[in-house]
Structures are given as C-alpha cells and as structure tokens.
Number of protein chains: 2
Amino acid sequence: MGTTIKDIAEKAQVSIMTVSRVMNNSGYVAEATREKVMKAVQELNYQPNLLARSLINRKSSFVYVIVPDISNPFYADLTKGVESVAHQEGYHIILSSAYWNVAMECGHIEAARGRMAEGIILVLPKLPEKEILAYSRNIPLVVVDKHIVSPRIANIYIEQDHGAGLGVEHLIALGHRRIAFLSGTKNIYNSQARFRGYRTTLEKHDIPFDQKLVFPGDFSFVSGTAAFEHFLTLPQTRRPTALFAASDLMALGFMRSAYQHHFRVPDDISVVGFDDISLASITNPPLTTVRHPYIEMGRDAMKLLLNKLDPEKHLSTGDKLFNTFVERETTKPLTAG
Amino acid sequence: MGTTIKDIAEKAQVSIMTVSRVMNNSGYVAEATREKVMKAVQELNYQPNLLARSLINRKSSFVYVIVPDISNPFYADLTKGVESVAHQEGYHIILSSAYWNVAMECGHIEAARGRMAEGIILVLPKLPEKEILAYSRNIPLVVVDKHIVSPRIANIYIEQDHGAGLGVEHLIALGHRRIAFLSGTKNIYNSQARFRGYRTTLEKHDIPFDQKLVFPGDFSFVSGTAAFEHFLTLPQTRRPTALFAASDLMALGFMRSAYQHHFRVPDDISVVGFDDISLASITNPPLTTVRHPYIEMGRDAMKLLLNKLDPEKHLSTGDKLFNTFVERETTKPLTAG
DNA sequence: TTGTAGGCGTTATCAA
DNA sequence: TTGATAACGCCTACAA
C-alpha cells in the first residue's frame with residue numbers, strides 16, 4: 001500500500017530512473033542491476049502507479065462506455081463486446097448509465113474528459129446530433145445504435161430496414177398476407193427504420209398497406225400485451241394472421257396475452273420479433289426473430305475507437321454488420337380458411 | 001483538448017493558484033477575479049484534470065467491479081445497483097469480466113491497484129478465500145454473492161438455505177410430497193446452500209428425502225432441459241409432482257422440454273425456480289420463484305465499501321437482505337391421483 | 001486577497 | 001550502463 005518507485009530505488013540502492021527502466025523494459029540495464037531491482041519489487045510488492053504514468057504519457061487507457069441502462073440485456077451484451085476488445089488492447093472501461101436522460105449523458109461526457117478518458121462509446125444517446133458533434137471535437141467519440149447523419153461522427157449503426165424486411169419476407173413466404181406491425185417507441189429512428197422495412201417489403205409483394213394493422217407500442221413487454229388487447233378489438237375477418245413486432249419483448253408480451261386468451265402461437269397467429277435477445281431462444285415456444293448483433297456492434301465500436309486513437313493500428317472491424325433472420329418456432333404456414 | 005490550469009491563469013492574468021481556488025471554491029477570491037477566471041474557463045472550455053488531482057489527494061474516485069460475465073443478467077443487475085450508489089457519491093466504476101478464471105481475477109485486481117482504485121467489488125470470485133484475504137490487505141475489497149468465512153473480509157452474502165426453504169414450503173403447502181430438486185453446479189457453495197434449504201425443509205415436514213429425486217444440473221438452461229429427460233426415465237408412479245430448481249434458467253429449460261413432450265406446467269407438474277431473473281415474469285406461464293435481490297446486493301456492496309473508505313460516513317445498508325418468495329403461475333395444488 | 005515554492009509518482013532528456 | 005533534472009497538471013502550506 002503506497003510503495004513508490006522511490007522506495008524501490010532506495011532498497012535496491014539505485015536511482016529511480018533505473019527502477020523505471022526495469023519496470024518498462026526500456027533502455028539498457030545490467031542484468032545484475034535488474035535482478036537487484038526485481039528483488040526489491042517483489043519484496044515490497046511494488047506496482048507502478050499508472051495514473052502518474054498517464055499524466056506524463058497523456059495516455060490513460062481509459063475508455064468511457066455510456067449506455068442507457070446496463071441492466072438491459074441489449075446494452076449488457078454490447079458492453080461485453082466493447083470490453084472484450086478493450087482488455088485485449090490494454091484498455092479499461094468505465095461504465096455509466098444515463099437512463100435516457102440528456103443531462104446525465106452530458107454529465108458523463110464531461111466526467112470522461114476530466115478523467116482523461118481517451119475516448120467515449122456512446123450508446124443510443126438522447127443527445128442531439130449537433131451537440132454530439134460539438135463534444136466530438138474535444139474527445140474521440142463513437143456513437144452506437146443511433147442513426148447519425150454527419151460523416152464527422154464515428155458511428156456503428158445498422159440500417160434496420162433490411163433486417164425488418166427479412167422478418168416480413170419470411171411471413172409472406174409462408175403465405176401470410178394480413179401481417180400486423182407492432183411498432184416501437186414513436187419518433188425513435190430505430191422504430192421508423194423497422195417500420196419502413198415492414199412497409200416496403202409489403203409493397204414489394206403487392207400487399208396493400210393497411211394502417212389498421214399497425215399497432216402502437218414502445219418496445220416494452222407490457223406494450224406487447226396491450227397490443228393483443230388491441231388485436232382482439234378487430235372484427236374476426238379483419239384480424240391479421242401474423243404479427244411482426246419491432247422488438248422481442250413486445251412479441252413476448254403479445255404471446256403471453258395471447259395464451260391467456262387461449263390463442264395458440266403459431267397455430268392461431270404467427271409471430272416474429274426483432275433483436276434476438278437471449279430470452280428469445282428460451283421462451284415457450286422459442287421465438288422466431290431478426291437478430292441485431294449487439295456483441296459484435298460493441299466489438300466493432302471499440303475497434304473503431306482504437307483505430308481513431310492510433311491511426312497506425314488498423315484493427316479490422318470485419319465485414320459490415322447486418323441483421324440476420326433466425327427461424328425458430330413461432331411461425332407456420334398460413335392454412336386456408 | 002489539453003487546456004490546462006496554466007492556460008487559464010495566463011489568459012485571465014492571474015496565478016495558477018487563483019484559478020485553482022476558483023475551480024475548487026476554496027479560500028478567498030475577489031468577485032472580480034473570480035469572474036475573470038470563469039470567463040477564461042468558459043472561453044477555453046477548461047476542465048480540471050482529475051487524474052492529476054488524484055495524484056495529490058490520493059483519491060481517485062475509481063472503484064473496480066469485477067464480475068464473472070457482464071452479459072449475464074444477474075451481474076448486470078448487480079452492477080446497476082453498485083453504479084447507482086457510486087454515482088450518487090461521486091465515484092466511477094471500472095468494469096471487468098473475469099469469466100470464472102482465477103488468473104483474470106488476479107489480473108484485474110492488480111490492475112485496480114495500479115490504477116489507484118479506491119476499492120474493489122468482487123463478485124462470485126473463483127479466487128480462494130486465502131488469496132482474497134491477502135489482497136484485501138492492500139486494497140479495500142468487498143466480496144459479493146460468495147460465502148466467506150473470514151470475518152476480516154467485507155462480504156455481502158445471503159444464506160440461501162432459508163430462501164430455498166421458502167420455495168419448498170410453498171410446494172408442500174400445496175400438498176406436494178414428491179418434490180424433486182434440480183441442483184446447481186457441483187461444489188459451488190450457493191448450490192449447496194440451496195440444496196440444504198430443500199433438504200431440511202423436507203425433513204421439517206417429515207417428508208423422507210429421496211436421492212432419486214435429486215437431478216444433476218449446472219444452473220444453465222440446457223441442464224434444465226436435460227433434467228426433464230431424466231424425469232422421463234423415472235417410472236410413472238415414482239415421478240415427482242413438483243420440481244424445485246436451483247436456478248430460474250434451469251426451471252425454464254425444464255419447462256421448455258416439458259412442453260415439447262406435451263406435459264403441462266403447472267397442470268402436470270408444478271415448478272419453482274430460484275433467482276427471479278427478469279425473464280421469469282415474462283415467460284409463459286410466468287415463473288413462480290424465489291427472488292435473489294441482485295440490485296440491492298450491489299447497492300449494499302457499494303455502501304459497505306464506501307463506509308470502509310470513509311468511516312465518517314455511515315451509509316445505511318438498510319436491513320439485512322434476504323430471499324423472498326414470488327408466487328406466479330407455475331404451481332398449483334396437488335390433485336388427488 | 002493573491003502568489004511562490006514544493007511535491008504527488010512517474011518518465012523524457014540529457015549528461016556522465 | 002547509470003543518474004540528475006525537469007517536466008506532466010494540480011494542490012497544500014506558507015508568505016506577501
């Protein structure tokens with residue numbers, strides 16, 4: 001506790017510079033001297049103070065990760081991806097939740113600057129793009145899972161139109177034509193993208209779009225249960241035979257409510273979700289969905305940041321990420337009638 | 001980027017000390033001077049370097065949180081609890097996953113020391129107690145969710161015997177007497193505690209313990225599905241009418257497999273889990289379980305650490321934490337026959 | 001009310 | 001191959 005380079009120097013009867021050289025394997029040190037130093041290091045259980053080192057190198061090896069809420073499985077997965085690359089490259093991550101609150105986001109960003117963080121990974125921020133741009137002039141910043149227009153902001157984002165189309169294509173291939181859409185939170189870009197994918201895919205197959213088949217939701221489990229109530233209010237003949245939900249949570253909520261009303265999935269109605277959260281494969285029946293690759297997004301975000309920090313090092317972010325379709329057991333072919 | 005106290009001093013035509021005083025609201029500063037300084041701060045967008053400050057104060061405001069795997073919902077919840085208290089008190093958390101690997105745990109602990117972390121919250125470590133004790137002499141350390149014998153190690157741990165008993169009591173109250181136990185990973189203290197709770201509760205009610213009704217498992221979803229296969233191998237008359245699983249994940253796996261074999265829960269067999277992970281309330285049907293309060297454990301762990309760091313400040317860790325029974329829809333009274 | 005000197009633990013630079 | 005000195009950005013203690 002509190003052993004410094006000076007203590008080692010004293011104990012080993014050398015100058016602090018020599019100790020420093022040993023610790024960093026830099027410059028020339030006679031083998032005998034090195035051993036003397038190492039012995040002192042062992043005995044005093046010395047560890048260099050990395051903060052002091054940061055001060056002089058201007059390299060803290062800290063990266064801030066700001067997520068909406070770490071207890072949300074999406075962001076936990078994303079964080080895992082970030083962490084795996086970070087540790088591999090010797091960085092440590094400082095985690096903060098901002099709870100969809102602009103003021104908290106700003107607070108965390110300021111804190112990151114103050115702590116000499118080398119960069120920030122900002123997940124689904126509420127902060128307007130303009131302000132993000134302003135911050136990004138002070139500190140390297142990567143925005144994840146939010147659609148960004150400015151080419152000046154580093155960004156990991158998957159255009160989810162295509163992914164949503166995958167889910168709808170599958171339902172259409174099974175013969176469904178009355179396909180409902182359970183939408184995400186209004187005015188969120190991700191919601192809109194998923195909706196666009198739904199609508200354009202319908203059009204591509206000459207299936208008329210019906211506003212009545214668009215159920216309101218907010219990505220949450222309960223909004224899924226509410227959607228089923230909404231479904232019940234539709235006259236029998238106008239009910240959809242399939243549902244495409246903008247999130248797995250809503251799909252699950254819908255299914256739960258359906259079961260309580262003695263509807264069977266997929267027998268009475270097919271359901272496709274979006275996200276592929278870890279629960280999706282565990283539910284009963286397991287949910288057919290569109291996978292949004294959070295872990296990989298986290299990984300790539302960190303790599304992108306690292307490449308910014310050190311242009312020498314070109315970490316490959318692999319191929320561009322995209323959504324993939326995952327067929328499980330909540331869909332089945334439309335039977336006549 | 002890189003604005004220092006010197007730049008401000010120069011711009012405001014004052015000494016460094018005056019700037020320092022303004023930034024810290026300490027000592028006397030004439031109002032006019034203060035304004036001059038603040039103006040320079042604004043214009044140059046200055047932020048004090050907290051690492052440099054840490055060096056002097058010997059107070060980094062960093063706390064390391066070392067979990068087995070952040071993408072696991074338990075630990076994400078726990079981390080959330082830690083974070084909520086930490087931020088409130090001005091601390092930042094550095095998150096690391098150790099993946100049940102002793103070497104990684106040690107690595108993270110060393111890193112924490114090197115980074116001048118003020119403390120470590122160590123969740124379910126693999127590290128032997130003796131080594132933890134050794135580390136805890138160098139840096140304040142709180143061990144969470146692992147049973148610790150030594151009174152010298154700060155610890156947040158719930159004796160889960162009692163909680164497990166709650167689940168079994170419920171089944172017994174419903175008339176069940178042939179109650180199976182689906183066990184967790186062998187040789188893990190938590191598994192043993194949950195098993196003890198099962199067994200002693202049985203004995204309390206004069207229900208003979210039957211080793212055949214103890215199914216092996218490892219806390220995972222798949223080990224739950226395997227357990228159902230095991231269940232099927234039992235002769236009809238010797239099958240349990242209820243199952244108490246040492247984890248929700250296993251309970252869910254068991255149920256999934258059960259449904260695939262056209263068994264109904266709770267009609268054909270009652271199921272109780274343990275943990276109350278967020279999925280538990282979302283499944284179909286929602287799972288009756290014993291809640292293990294991860295968020296609260298995280299909160300209390302951080303408070304305990306804070307109290308260690310600053311004995312002046314007595315953050316109440318509230319009442320002692322315990323497991324609670326959560327009744328949902330996977331159990332029902334045993335019907336004659 | 002303000003400024004000067006010294007140091008926190010480390011490394012870069014230059015000299016020996 | 002080693003060591004003295006001056007930084008890094010800031011704060012404490014003391015002086016003016």
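Numbers restart at 1 for each chain; the letters A, B, ... are given by sequence-line order, proteins then strands.
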Visitor: Between B:R137 and A:N45, is any side-chain donor less than 3.5 angstrom from a side-chain acceptor?
Guide: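 Result is no, nothing qualifies.
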
Visitor: So, is B:N24 close to the D:dC11 phosphate, meaning a side-chain N or O under 4.0 Å from OP1 or OP2?
Guide: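 Checking B:N24 against D:dC11: at least one side-chain N or O falls below 4.0 Å of OP1 or OP2.
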
Visitor: Could you tell me whether the phosphate oxygens of C:dT10, OP1 or OP2, come under 4.0 Å of any side-chain nitrogen or oxygen in A:Y46?
Guide: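 Looking at the OP1 and OP2 atoms of C:dT10, one of them is under 4.0 Å from a side-chain N or O of A:Y46.
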
Visitor: Do any N or O atoms from the side chain of B:E105 and from the backbone of B:K126 form a donor-acceptor pair under 3.5 angstrom?
Guide: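 Yes, because the side chain of B:E105 sits within donor-acceptor range (under 3.5 Å) of the backbone of B:K126.
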
Visitor: So which of B:M116, B:H92, B:R53 actually passes side chain to side chain contact (heavy atoms under 4.5 Å, CB included) with B:S60?
Guide: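 Considering B:M116, B:H92, B:R53, a side chain to side chain contact (heavy atoms under 4.5 Å, CB included) with B:S60 is found only for B:M116.
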
Visitor: Give the rounded distance in Å between these two atoms: CZ of B:R115 and P of C:dT10.
Guide: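 Distance, rounded to whole Å: 14 Å.
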
Visitor: Quick check on D:dC11: is either OP1 or OP2 less than 4.0 Å from any side-chain nitrogen or oxygen of B:R53?
Guide: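 Checking D:dC11 against B:R53, a side-chain N or O does come within under 4.0 Å of OP1 or OP2.
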
Visitor: Over how many whole Å does the gap from B:R113 atom CZ to C:dG9 atom C1' extend?
Guide: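 B:R113 atom CZ is separated from C:dG9 atom C1' by 15 Å.
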
Visitor: Find the distance A:L55:CG to D:dA7:C1' and express it as a whole number of Å.
Guide: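 The distance from CG of A:L55 to C1' of D:dA7 comes to 10 Å, rounded to the nearest Å.
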
Visitor: Where do A:I132 and A:L127 come nearest, in terms of heavy atoms and distance?
Guide: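 Taking A:I132 first and A:L127 second, the nearest heavy atoms are CD1-O, 3.5 Å.
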
Visitor: Hey, does A:V67 have a side-chain heavy atom less than 4.5 Å from the side chain of A:T79?
Guide: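 Yes, close enough: below the 4.5 Å cut-off.
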
Visitor: To check you understand the geometry: which heavy-atom pair defines the closest contact between B:G27 and B:R21, and what is its length?
Guide: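 Looking at all heavy atoms of both residues, the shortest contact is CA-CD, 4.2 Å.
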
Visitor: Give me the atom names and distance for the closest heavy-atom approach of A:V142 to A:N155.
Guide: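 Closest approach of A:V142 to A:N155, heavy atoms only: CG1-N, 4.4 Å.
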
Visitor: Tell me: CZ of A:R21 to C1' of D:dT1, nearest whole Å?
Guide: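 Answer to the nearest Å: 8 Å.
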
Visitor: What is the separation between atom CZ on B:R58 and atom P on C:dT10, rounded to the nearest whole Å?
Guide: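 Value for this atom pair: 10 Å.
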
Visitor: In whole Å, what is the span from the CD1 atom of B:I56 to the P atom of C:dG6?
Guide: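 B:I56 atom CD1 is separated from C:dG6 atom P by 15 Å.
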
Visitor: Which atom pair, heavy atoms only, marks the closest approach of A:S15 to A:A9?
Guide: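 So the two residues come closest at C-CB, 3.9 Å.
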
Visitor: Fit a plane to each ring of B:Y75 and B:W100, take the angle between them on a 0 to 90° scale, and name the class: parallel (under 30°), tilted (30 to 60°) or perpendicular (over 60°).
Guide: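 Correct class here is perpendicular.
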
Visitor: Using heavy atoms and a sub-4.0 Å distance, could you list which residues of residues 6-19 of chain A are near DNA chain D? By number, please.
Guide: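 Per residue number, the list reads A:V14, A:S15, A:M17, A:T18.
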
Visitor: Going by heavy atoms closer than 4.0 Å, what residues in residues 29-43 of chain A are next to DNA chain D?
Guide: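 Under 4.0 Å from DNA chain D: A:V29, A:A30, A:T33.
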
Visitor: What is the distance from NZ of B:K59 to P of C:dG9, rounded to the nearest Å?
Guide: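 So the two atoms are 17 Å apart, to the nearest Å.
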
Visitor: Can you tell me how far C1' of D:dT12 sits from CD1 of B:I5, to the nearest Å?
Guide: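 Going from CD1 in B:I5 over to C1' in D:dT12 covers 13 Å.
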
